[in-house]
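To keep things clear, I will list the structure first and then write my remarks on it.
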Amino acid sequence: MAEPVVVATWPFGKTAVEVASKLLLQGKPPLDAALAGAQAVEDDPAVQSVGFGGIGNAIGTVSLDACVMDGKTLDCGSVAGVENIRHVAALAKKVYEKTPHIMLVGKGAEWFALQNGFQLETLLTPESVAEWYKKRPAKKLETKGHDTVTVLAKDSKNLLGGVCTTSGLSYKLPGRVGDSPLIGSGLYVDDEAGAAGATGVGEEIIRIGGSMFIVEQMRAGKTPQEAVELAIARIIKTATRRGKHPASVAFIALDPKGNVGAACTTGTDFKYAVARGEKIELLQAKEF
Ligand code: GLY
């Protein structure tokens, strides 16, 4: 039996990999383990870019996006623009389990949540409201912050699962959807090739189909590290073609053998957490 491996974005990913790794060591499926890890971050009000306590959009509303994917079956589910429901990653999983669909958005997703026993609650906290007022941009349409949690898990049978959950860019326009709930952009998982996930300015990740791009590079024989570096190179090339400075973007990847990769654009200062069995590390990604 191989050693379970979990990788998650940002320092708060340590919470996610710790929770997920324990479940993998108990023999739980990789998607369930990744989901529990992501949910621990959704529940943490100190993490102001995911779930409960997330920073609001341009009108101060917390609007959540999430998706999940099972590498064995390619089952995937997604929700976007969801308000007042905390556990949107679990809701995304319910979409593929309970419906013939992959993606539900807005009021439809909220109605589906209530039908499936999720509770309505306010996701703002006094701290997140204070932060929203403090950092509110002087100019209209200026978005900030992008600390999405993406969790990729591999179990002892080398099966893969992944989850991506976020409140998206702070001060985003109401109705704006980023990469995080889009299968192939914020997340893609296939046991036959590998798993990849993203954090950063969603528009740039969508533009290159970031996570699918990385998984296809691994399918073609690249290591996870080579694959994420190629994706960052594509982000930089795309920005250059458009006469722009590359936006802040980071990718993580995991292959079925447990090899991990991470890379980001310059200035992103991206740290990510890795659990190998009970050993947990916080690592710094290479910048390009
Ligand atoms: N990557 C998160 C977002 O752009 O919404």
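One-based numbering, in listed order, for ligands and for the atoms of each. Keep in mind that what you see is a predicted model, and the values were worked out from it rather than measured.
Between V129 and T125 the shortest side-chain heavy-atom distance does not fall below 4.5 Å. Inter-residue side-chain proximity for K98 and Q115 is flagged as unmet; no heavy-atom pair is nearer than 4.5 Å.
Listed by atom number, the atoms of ligand 1 under 4.0 Å from S180 heavy atoms are 1 (N), 2 (C). Those atoms of ligand 1 with a heavy atom of L169 less than 4.0 angstrom away are 4 (O), 5 (O). Residue-ligand proximity, G200 to ligand 1, at heavy-atom distances under 4.0 Å covers atoms 1 (N), 2 (C), 3 (C), 4 (O).
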Throw together a table of side-chain donor-acceptor distances under 3.5 angstrom for residues 181-197, partners on residues two or more places apart or in other chains.
{"from": "D190", "atom 1": "OD1", "to": "E192", "atom 2": "N", "distance (Å)": "2.9"}
{"from": "D190", "atom 1": "OD2", "to": "R219", "atom 2": "NH1", "distance (Å)": "3.0"}
{"from": "D190", "atom 1": "OD2", "to": "R219", "atom 2": "NH2", "distance (Å)": "2.9"}
{"from": "D191", "atom 1": "OD1", "to": "L160", "atom 2": "N", "distance (Å)": "2.8"}
{"from": "D191", "atom 1": "OD2", "to": "K72", "atom 2": "N", "distance (Å)": "3.3"}

Under 3.5 Å donor-acceptor pairs involving side-chain atoms of residues 25-40, not counting sequence neighbours:
{"from": "D32", "atom 1": "OD1", "to": "K93", "atom 2": "NZ", "distance (Å)": "3.2"}

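The distance criterion of under 3.5 Å between nitrogen or oxygen atoms is not met by T199 with respect to ligand 1. The distance criterion of under 3.5 Å between nitrogen or oxygen atoms is met by D179 with respect to ligand 1. Ligand 1 has no N or O atom lying under 3.5 Å from any N or O atom of I205, backbone or side chain.
Ion pairing of R207 with E203 is absent here, as no side-chain N (NZ or NE/NH1/NH2) approaches a carboxylate O to less than 4.0 Å.
Residues S248 and T265 bring no donor and acceptor atom of their side chains to less than 3.5 Å of each other.
In this structure, K172 has no heavy atom closer than 4.0 Å to ligand 1.
Residue-level proximity to ligand 1 for E204 is absent, since no heavy atom of it falls below 4.0 angstrom.
Compare T148, V177, L182 by their heavy atoms: the one nearest to atom 2 (C) of ligand 1 is in T148.
Of all the heavy atoms in G54 and L124, the pair that sits closest is O-CD2, 4.3 Å.
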